[in-house]
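Take a look at the structure below.
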Amino acid sequence: MEELAKKYSFKDIEEKQYLFTEEKSFFHAKTNSSKKPFSIVIPPPNVTGILHMGHALNNTIQDILIRYKKMRGFESLWMPGTDHAGIATQNVVERKLAKGGVTRDSIGREKFLELVWEWKQEYGSTIIRQLRRLACACDWQRTRFTMDEGYSDAVLEVFIRLYKKGLIYRGNYIINWCPRCRTALSDEEAPHKDTQGFLYYIKYPIKDSKEFVIVATTRPETMLGDSAVAVHPKDKRYKSLIGQTVILPLMDRPIKIIADDFVDPDFGTGAVKVTPAHDPNDYVMGKRHNLEFINVLNPDGSCNENAGDYQGSDRYEAREAIIEDLKARKLLVKVEAHQHAVGHCYRCHTVIEPYYSKQWFVKMKPLAKPAIEAVQEGRIKFYPQRWTKVYLNWMENIQDWCISRQIWWGHRLPVYYCAKCRDENDYKKGVIVSLQKPDICPECGAKDIVQDVDVLDTWFSSWLWPFATFGWPFREKSTDHSQQSTDHNQQSADTEKQKRELEYFYPTAVLVTAPEIIFFWVARMIMAGFEFMGDIPFKDVYIHGTVRDDTGRKMSKSLGNSIDPLEIIVDYGTDALRFSLISITAMGQDIYLSKEKFEFGRNFCNKIWNASRFILMNLKEDSGSWQKVSNKEELCFSDAWILSRFNSTLKKLNSSFAQYRLNESANIIYEFFWHQFCDWYIEFSKLSIENKTTRAVLYNILEKSLRVLHPFMPLITDEIWQKATGQKTSIMSQPWPEVDEVYIDAGLEKEMRILMDVCCDIRNLRNEKNIKPKDKADITIGSDDQHIISVLDKNREYLIDLAKIQTLNFAGEKDLDVSINPTASSTGCLIMMKAKRDEGRDTQKEKEKILKQIKEISEHITRKNKLLNNENYLKKAPAAVVEKEKRSLLELKQEKAKLKKIKNALK
RNA sequence: GGGCGCGUAGCACAGUUGGUUAGAGCACCUCCCUUACAAGGAGGGGGUCGUAGGUUCGAGUCCUACCGCGCCCACCA
């Protein structure tokens, strides 16, 4: 057994311990038929990511579960990896190029992708390195990337399967378009934010008339693409106008006035301009009335050739110009301030444009069905439960998923077109969906074949994460015929191994993630799980809260209010960061953070260190003899007590773990270790430290405490544990302690409670009378309760030591002299103290205090009397509760009598 | 428009199925550098649990309404 350094210095141990556990492959999992599997796939951070508090929380939770389950005998696998994050990564590299005045268009697709890969090689593992600093027990040998060769196979395979099943189609629809990223986005990628804007009222002149129809719009520039004006069919104001023609201002285009139920007569003027190519509602109306779809915008958001005089100007410049021009023509009636929800690009926050374009979609309704049922039937459970409703609500109203993106970084669609057969009006014609580029068109034999230029939505690869990370679909690479079969055999063996692993570890146990990811990822993984694996991807979904600053704002780079986990690690240590974070994270609640909160974990680390130091220091000579705790019968009072406490604590701990109540688990251990083990037991142990049994118990409880602390604070616990046991291994490889019911003794714990209470009463009394620790006091305890007297007498050494007593006597209650320093104990005893220095007694103050106590206790007694006289209560409340009340009333009465006695003795 | 979460001590928060006098942390006050620990120890003060009703023998906990704060969803031109 080694001694510990006087000062706890996390800098000296944390990195060392992590490297040790990683090197020794404690994190590696494999199929093991003798164990049950427990697997988690990491929510793959973006390759562009740098560690923030959200990651720290998310991964600490997973790490605790992984280590805990491993200790509980499961084969724990934590699958790590990163996400190629199409748009985000492309943006990062484009920004970098822009500094050198280079655009992606100027260098071309191939060169650009080369540069992105270079960037990925250089910076893509930053987040992985940072996760190591958090001490994550990921199986790093398995680290996956969503654009790895094998993983990409899975993505293409899935596309092809869904296409063949008729669940993927291509067509012209209104989608969300980001003019800055110049790509289509799914609905989830274009979150709506309340935005302050204006409602512009514009006159549309009626053809061959002096009259006007006034329409209201928030986006006047879209009027360039108007192809109708719509009114409600029952709106009396406009009934006569239906079917007439108006002249679209600025464009001088005649357009019809149509009637449609969609129009709300109470909004604006009740007449609405219809722009089928730039508004989702208008799109539907356009289809209904067979209107023209006029796209007036270029992909970058500037006006195109359909925009008349405004061609070339940016959408917002065009808006300004149009307003000015309408004003000049006296066609602008008024402008009102107007708040409305506007979609924004989730990557660059640019206002998106609803945009009519040709895209690829996945039909979602058929995929959603089993995914809905699995959650309804409880085969997948959300923690906290309330997310179930959010999930089901979204799934039941699911819309088709736009999966094509007009960027370069990502999985290119496995779609090829035959130039000859291709027909823009029939997406299936001349289309070849295949893994490899076909040499000739299977229909016409032409050789002019091109691949679709789009790539797939990043989430179209992430939704396969729980099984594609295991190598699914296990396609064997087409081996060169010239190569010999050894390679091939090796490859088959690998594939077989992967298949077994997938079978063993899938479905995974739990997915840990943030609420904003439920639609993007959780829901889609469930659908993919059923579609491609025929089973759920995970049993539990643990949704944790959002990390906020101490004023409740979401932590974000742009607000500048984020706390950098790496800075916390430098200042307080990894263990301190983890323990602080987890102990303030109530399940599913948001987390409010400030830097000071990490002192909590740091102080606890320090406490653990010092307590351990004391124990190792005292036990260093015993080599080996501490290993065994004697029979229960041979244990002294305090030794038996701490064993009882430990085991009942462990019981509570296990049940909180089972419910994912990790903050509760952390606080249970904290309370036990600090306030029972350190505050009381270690102090008790000093009295019997020469005793073999006590030394064994000290060692035993410390060693087991380190085990249960390990999932939360892996580094400090491994360091101390190795020094204590002399074993060069990690606690991770050790079993979780078993609850030993034999040691749990409620009666004993109650007796200890009496001892502690009396001790606290005496300390309190000393404090009040300002008696210094070195001034020992003479204590007489008066009670008629033989049990209490015997408990105190039996354990008098403890009391004498902990309460700094000179002489300790017992007396009958009546015989006690209460004229000196008396106090009434909550245990029902009267305590009198005689101290050597006893000057400056303020009897007036004492009297006030005791009167206040009497008043309080009288109120309680009145309340209880009333309750116990209530017939209904006696009839309906459980007998045990009534008994408890009666007992407590009796105790209160006794206490009151004692207080009165003390009061009367005061002059 | 629909849904969800929160409101408990000066501060930021726990409180599992309703059951003694509502809890720890930080901060504050008093005392103590006692041979593991001042990043510590021993004590202490501080709350009519957002408001108003209701159910119940009993409500921080369940129900209803309302008031504040925050979040999510929705085709509010």
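Please read all numbers here as calculations on a predicted model, not as lab measurements. Reckoned from all heavy atoms, side chains included, excluding hydrogens, waters and symmetry mates. Chain letters run A, B, ... following the sequence lines, proteins first and then strands; every chain starts at 1.
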Side chain to side chain donor-acceptor pair (under 3.5 Å) against S656(A), all qualifying residues, sequence neighbours excluded:
S665(A)

W387(A): which residues meet the ring pair (Phe, Tyr, Trp, His ring centres under 6.0 Å) condition with it, sequence neighbours left out?
none

Residues that Y391(A) engages under ring pair (Phe, Tyr, Trp, His ring centres under 6.0 Å), provided they are two or more places apart
F382(A)

Output yes when at least one side-chain N/O atom of [X] is less than 4.0 Å from OP1 or OP2 of [N], else no.
X       : N      : value
K389(A) : G3(B)  : no
K864(A) : U21(B) : yes
K804(A) : C32(B) : no

Numerically ordered, the residues 878-886 of chain A set in heavy-atom contact under 4.0 Å with RNA chain B is P878(A), V881(A)

Go through the structure and list residues passing salt bridge (Lys or Arg N to Asp or Glu O under 4.0 Å) with D226(A), not counting sequence neighbours.
K273(A)

Partners meeting side chain to side chain contact (heavy atoms under 4.5 Å, CB included) with D801(A) (sequence neighbours left out)
L687(A)

V351(A): partners by side chain to side chain contact (heavy atoms under 4.5 Å, CB included), with sequence neighbours left out
R315(A), Y316(A), V342(A), H344(A)

What's touching nucleotides 40-44 of chain B from the protein side, N or O pairs under 3.5 Å?
{"residue": "G40(B)", "atom": "OP1", "partner": "N603(A)", "partner atom": "ND2", "Å": "3.1"}
{"residue": "G40(B)", "atom": "O3'", "partner": "K607(A)", "partner atom": "NZ", "Å": "3.3"}
{"residue": "G41(B)", "atom": "OP1", "partner": "K607(A)", "partner atom": "NZ", "Å": "3.2"}
{"residue": "G41(B)", "atom": "OP1", "partner": "W674(A)", "partner atom": "NE1", "Å": "2.5"}
{"residue": "A42(B)", "atom": "O3'", "partner": "R763(A)", "partner atom": "NH1", "Å": "3.1"}
{"residue": "A42(B)", "atom": "N3", "partner": "N767(A)", "partner atom": "ND2", "Å": "3.4"}
{"residue": "G43(B)", "atom": "OP1", "partner": "R763(A)", "partner atom": "NH1", "Å": "3.2"}
{"residue": "G43(B)", "atom": "O2'", "partner": "N764(A)", "partner atom": "OD1", "Å": "3.4"}
{"residue": "G44(B)", "atom": "OP1", "partner": "N764(A)", "partner atom": "ND2", "Å": "3.4"}

Donor-acceptor pairs under 3.5 angstrom involving side-chain atoms of residues 260-271 of chain A: please list them, not counting sequence neighbours.
{"residue": "D260(A)", "atom": "OD1", "partner": "F262(A)", "partner atom": "N", "Å": "2.8"}
{"residue": "D260(A)", "atom": "OD1", "partner": "R288(A)", "partner atom": "NH2", "Å": "3.0"}
{"residue": "D260(A)", "atom": "OD2", "partner": "R288(A)", "partner atom": "NE", "Å": "3.0"}
{"residue": "D260(A)", "atom": "OD2", "partner": "R288(A)", "partner atom": "NH2", "Å": "3.3"}
{"residue": "D260(A)", "atom": "OD2", "partner": "H289(A)", "partner atom": "NE2", "Å": "2.7"}
{"residue": "D264(A)", "atom": "OD1", "partner": "D266(A)", "partner atom": "N", "Å": "2.9"}
{"residue": "T269(A)", "atom": "OG1", "partner": "I214(A)", "partner atom": "O", "Å": "2.5"}
{"residue": "T269(A)", "atom": "OG1", "partner": "A271(A)", "partner atom": "N", "Å": "3.2"}
{"residue": "T269(A)", "atom": "OG1", "partner": "A271(A)", "partner atom": "O", "Å": "3.4"}

Would you write out the dot-bracket form of RNA chain B, 5' to 3', with Watson-Crick and G-U pairs under 3.5 Å, [ ] for crossing pairs, | for pairs to other strands and . for unpaired bases?
((((((((.[[.[.)...(...].]].(((((.......))))).....[[[[[..)....]]]]])))))))....

Considering only A36(B), U21(B), A77(B), which nucleotide approaches the side chain of F267(A) most closely?
A77(B)

Give each protein N/O atom lying under 3.5 Å from an N/O atom of nucleotides 5-9 of chain B, with the pair distance.
{"residue": "G5(B)", "atom": "O2'", "partner": "Q589(A)", "partner atom": "NE2", "Å": "3.2"}

Would S186(A) and E189(A) count as having a side-chain donor-acceptor pair, cut-off 3.5 Å?
yes

Table please: side-chain donor-acceptor pairs of residues 195-203 of chain A below 3.5 Å, with sequence neighbours left out.
{"residue": "T195(A)", "atom": "OG1", "partner": "K193(A)", "partner atom": "O", "Å": "2.9"}
{"residue": "Q196(A)", "atom": "OE1", "partner": "H338(A)", "partner atom": "N", "Å": "3.4"}
{"residue": "Y201(A)", "atom": "OH", "partner": "E336(A)", "partner atom": "OE1", "Å": "3.1"}

